[in-house]
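So that the names make sense, note that chain A is the first sequence line, chain B the second, and so on, each numbered from 1.
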Number of protein chains: 4
Amino acid sequence: MTAAGRGPESTPPPRGRGRPRSEEARADILRATRELLLEEGYTNLAISHVARRARVAKTTVYRWWPTKGELVLEAAGACIAIGEVPDTGSTSEDLRIASEQLIQTFSDPMAAVVIFAAISPADHDPDLAAAFRDRHVYPWRMSAARAIERGLGRADIPPGRDVGFLLDVLVGTVLQRTLVVAHPETEGLAEKMRDLIMGLG
Amino acid sequence: MTAAGRGPESTPPPRGRGRPRSEEARADILRATRELLLEEGYTNLAISHVARRARVAKTTVYRWWPTKGELVLEAAGACIAIGEVPDTGSTSEDLRIASEQLIQTFSDPMAAVVIFAAISPADHDPDLAAAFRDRHVYPWRMSAARAIERGLGRADIPPGRDVGFLLDVLVGTVLQRTLVVAHPETEGLAEKMRDLIMGLG
Amino acid sequence: MTAAGRGPESTPPPRGRGRPRSEEARADILRATRELLLEEGYTNLAISHVARRARVAKTTVYRWWPTKGELVLEAAGACIAIGEVPDTGSTSEDLRIASEQLIQTFSDPMAAVVIFAAISPADHDPDLAAAFRDRHVYPWRMSAARAIERGLGRADIPPGRDVGFLLDVLVGTVLQRTLVVAHPETEGLAEKMRDLIMGLG
Amino acid sequence: MTAAGRGPESTPPPRGRGRPRSEEARADILRATRELLLEEGYTNLAISHVARRARVAKTTVYRWWPTKGELVLEAAGACIAIGEVPDTGSTSEDLRIASEQLIQTFSDPMAAVVIFAAISPADHDPDLAAAFRDRHVYPWRMSAARAIERGLGRADIPPGRDVGFLLDVLVGTVLQRTLVVAHPETEGLAEKMRDLIMGLG
DNA sequence: ACTTAAGCGAGACGGTACGTCTCGTCTTAAC
DNA sequence: GTTAAGACGAGACGTACCGTCTCGCTTAAGT
């Protein structure tokens with residue numbers, strides 16, 4: 001999604017000789033998609049509106065992104081990239097960083113839209129959900145699980161706790177505060193999360 | 001929503017003389033709505049389909065429920081009623097019950113649909129969200145907050161913890177496990193939640 | 001199609017209680033169809049254009065005329081109604097009238113469009129062709145065949161001639177002159193046709 | 001069109017240096033056009049389909065035949081070449097041959113498609129029509145007119161008949177029987193036509 | 001009993017978005 | 001400098017729902 005070039009996304013038919021894809025149109029479409037995602041939400045995002053705002057033919061959108069899900073996933077890609085949890089050697093610091101990553105990502109309004117679109121059964125787009133999980137959720141979750149296991153190994157985290165459960169506490173709580181309740185203030189949240197997981201005061 | 005009579009819902013124009021509202025049609029519509037909610041999801045729920053399945057004119061649906069949100073909220077009312085957290089005198093028991101209530105409610109497939117429809121910015125229906133919160137979320141949240149405060153008062157919960165934060169831990173974690181990750185197994189989850197909040201092993 | 005009222009055409013679902021069909025919209029659509037038929041031809045006649053010009057929703061057109069052919073057939077109905085050949089007692093007069101009917105009908109620009117659309121394999125619309133034949137061609141052809149048979153019976157027409165062949169001479173020649181070569185002048189044509197069939201000078 | 005070389009058709013950019021025009025592509029395109037004309041009809045003939053079937057780029061088709069009409073006219077050229085009416089010295093034989101030529105030509109399914117496409121106002125392509133007439137209709141018509149005039153001169157044809165009218169009788173009747181009514185059986189038709197024109201039994 | 005307002009089924013209507021199709025033009029790379 | 005490949009803007013296709021509306025029948029409350 002980032003430095004690697006837009007890599008795996010939007011490579012429809014293998015490009016041959018013909019006219020090269022218009023990067024201008026591509027950028028316009030993605031920009032229009034981002035704008036409309038924020039303005040209208042995922043459900044109300046209409047391909048025809050994207051095309052109109054991007055001043056592009058509807059066919060051009062469909063040519064490159066066969067479904068709304070793929071278009072959104074690519075348009076919002078940068079916003080929903082969360083990365084992985086590093087291994088700093090300090091459980092406390094690892095957990096704080098993990099929390100911070102979640103908070104940062106979830107605080108982006110665009111990410112909120114995409115995450116709910118991927119998660120919600122309201123408009124359950126299985127392909128979108130699967131792609132989202134594979135690309136963004138699993139890598140982070142795996143690295144976070146390793147951080148927790150390191151903490152348990154060092155006895156920084158009370159023994160006997162279930163790793164999967166702690167992950168859900170971490171993710172769920174941040175999800176709840178940032179997206180559901182939509183607390184604007186996230187000051188000190190990462191530290192609280194860390195303390196909770198580590199069983200500190 | 002329950003025995004008290006369907007109370008505030010579905011009181012469209014002030015009823016005067018004329019023909020009384022057909023309870024049969026009403027029940028048919030709500031049943032059809034529930035069925036289609038599960039089959040199609042919130043977004044794909046079409047009023048015209050509800051009317052067809054209920055063998056009722058589209059007008060009849062619109063007469064009583066001006067928006068899809070209100071129709072859904074009432075149709076799914078019983079499934080999303082969570083009640084309040086009791087005061088048993090035992091912090092441990094109060095918290096276990098509170099967790100259990102969340103788990104039970106969130107485990108209902110219909111509740112999942114409605115909760116996401118209310119929560120998700122994907123189809124942000126502010127009225128639906130507001131009504132949902134006022135009727136179902138706030139009462140439970142208030143009573144749960146009181147239970148936590150009692151626990152803090154009795155020093156059953158480590159001091160210095162933020163009540164609002166603990167509430168979000170509780171709700172968010174259950175939300176994550178039951179709806180997002182969609183773990184079918186909820187065995188022992190309530191006890192884990194209680195222990196986490198109370199700072200036990 | 002004529003005085004009898006629009007009779008058999010455009011009676012889609014049997015009308016029940018609901019809102020009555022808007023005669024205004026109906027008339028607007030048919031008028032727009034006629035205009036566009038003359039301006040654009042049958043092939044280039046677009047339902048969306050009809051709707052736009054009639055200031056009507058596209059769905060309204062589709063509701064009543066499921067295909068372009070049916071719409072055109074009804075819109076042009078009056079222009080392509082040819083009637084039947086009368087029995088005046090005089091072979092000469094019957095044949096002159098028959099020729100005149102063909103000439104009159106084929107001379108209408110709208111009829112030309114519809115006839116070719118029905119006839120031409122270029123845009124062979126089998127339904128249109130069949131409906132056109134049943135409603136307009138066959139009745140006339142049958143009555144013209146009877147007129148020729150009466151002429152043969154009275155020996156006004158040279159014996160030994162094939163009735164079907166003479167019919168094709170009649171229709172084909174007028175078709176050729178009025179539609180293919182598009183002679184604007186039809187003066188004396190009916191008399192020439194009559195004389196040819198009757199084997200006169 | 002025939003041995004004379006494809007003469008006037010399809011000489012777009014002046015043939016000079018560069019890569020010579022691919023005769024293979026040319027033949028493929030014309031063959032594909034013929035096939036699709038029969039399969040789909042003139043209206044439904046899509047340039048993109050021609051290109052696909054000929055395994056050729058759409059551009060290549062457009063380069064050499066700027067319109068669908070010209071492409072069709074050339075592709076079907078051989079089928080619609082009718083030649084001229086000879087002067088055998090016998091009016092009866094000349095007229096029989098003229099009729100036979102019409103019957104043979106009109107009986108070709110491809111010719112039917114092209115003739116209607118040229119004739120029909122449904123898709124009135126003035127250029128196609130004009131080219132068709134200049135190349136195929138007029139030469140035959142002129143020679144047929146001369147044959148009739150010879151017959152009138154020899155008094156083989158009843159005097160006082162209009163040459164143009166008789167031509168239209170000839171063409172129109174065959175058109176009607178072979179294309180409109182689509183009689184498969186043309187046995188004896190040429191003789192009937194001859195007898196009619198000559199005023200015989 | 002008579003009136004009359006409302007409930008209700010039925011469905012027409014103007015809109016709008018869908019995803020697919022073909023059009024004819026254009027741009028580029030390969031040969 | 002022809003060719004293949006194909007991107008592109010344009011716009012029609014026929015379908016699905018939307019939410020509003022206009023009917024005409026039915027029903028019961030209020031007189």
How many whole angstroms separate atom [atom1] of [X] from atom [atom2] of [N]?
| X | N | atom1 | atom2 | value |
| --- | --- | --- | --- | --- |
| B/Asp28 | E/dC8 | CG | C1' | 13 Å |
| A/Arg63 | F/dA7 | CZ | C1' | 5 Å |
| C/Leu71 | F/dC13 | CG | C1' | 15 Å |
| A/Trp65 | E/dC18 | CH2 | C1' | 19 Å |
| C/Arg55 | E/dC13 | CZ | P | 17 Å |
| A/Asn44 | E/dT16 | CG | P | 15 Å |
| B/Trp64 | E/dA6 | CH2 | P | 11 Å |
| D/Leu36 | E/dT22 | CG | P | 11 Å |

Review point. When you check the phosphate oxygens OP1 and OP2 of E/dC26, does a side-chain N or O of D/Thr59 lie under 4.0 Å from one of them?
Key: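 No, no such contact exists.
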**Study point:** Under-4.0 Å side-chain N/O to phosphate OP1/OP2 contact, B/Ser48 with F/dA16
**Key:**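 No, because none of the side-chain N or O atoms of B/Ser48 sits under 4.0 Å from OP1 or OP2 of F/dA16.
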**Study point:** Under-3.5 Å donor-acceptor pair between B/Lys58 side chain and E/dG11 base
**Key:**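 In this structure, the two groups form no donor-acceptor pair.
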Review point. For D/Thr60 and C/Tyr62, take the nucleotide of DNA chain F holding the closest heavy atom to each; which residue's nucleotide lies nearer the 5' end?
Key: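 Its nucleotide being nearer the 5' end, the pick is D/Thr60.
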Point to revise | Given DNA chain F, 5'-ward residue of the pair A/Ala25 and B/Ile47, judged by closest heavy atom | key: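 Nearest nucleotide further toward 5': that of A/Ala25.
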Check your understanding: To 10°, what angle do the rotation axes through the five end pairs on each side of the helix from E/dT3-F/dA29 to E/dC31-F/dG1 form?
Key ->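 Between the first-five-pair axis and the last-five-pair axis there is 20°.
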Point to revise | Counterpart residues, side-chain contact (heavy atoms from CB on, under 4.5 Å), relative to A/Ala129 (two or more places apart) | key: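 None.
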Point to revise | Listed partners of C/Ala46 passing side-chain contact (heavy atoms from CB on, under 4.5 Å), at least two apart | key: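 C/Ala46: side-chain contact (heavy atoms from CB on, under 4.5 Å) contacts with C/Ser48, C/His49.
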Check your understanding: Quick one: does A/Thr60's side chain have a donor or acceptor within less than 3.5 Å of a partner on A/Val56's backbone?
Key ->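 Not a single qualifying donor-acceptor pair exists.
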Review point. Does D/Lys58 reach the main-chain N or O of D/Arg52 with its side chain, forming a donor-acceptor pair under 3.5 Å?
Key: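 Side chain of D/Lys58 to backbone of D/Arg52: no pair is present.
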Point to revise | Pairing of A/Arg53 and A/Glu39 as salt bridge, 4.0 angstrom limit | key: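 The answer is yes: the pair qualifies as a salt bridge.
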Point to revise | Position toward the 5' end of DNA chain E (nearest nucleotide), B/Val56 or A/Leu45 | key: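 In this pair, the answer is B/Val56.
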Point to revise | C/Ser22 vs D/His49, nearer the 5' end of DNA chain E by closest nucleotide | key: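 Here C/Ser22 is the residue nearer the 5' end.
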Review point. Hey, does D/Arg52 reach any base, or is it just sugar-phosphate, or nothing, if we go heavy atoms under 4.0 Å?
Key: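 Nothing, no heavy atom under 4.0 Å.
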Check your understanding: Picking from E/dT22, F/dC13, E/dC8, which would you name as closest to the side chain of D/Ala46?
Key ->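 So the side chain of D/Ala46 is nearest to E/dT22.
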Check your understanding: Quick one: does NZ or CZ of B/Arg26 land under 6.0 Å from the six-membered ring centre of B/Trp64, within 45 degrees of the ring axis?
Key ->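 Geometry flag: not set, cation outside 6.0 Å or 45°.
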Exercise for review: Check A/Leu30 against A/Trp65 and note the closest heavy-atom contact, atom names and distance.
Suggested key: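 Shortest heavy-atom separation between A/Leu30 and A/Trp65 comes out as CD2-CZ2, 3.9 Å.
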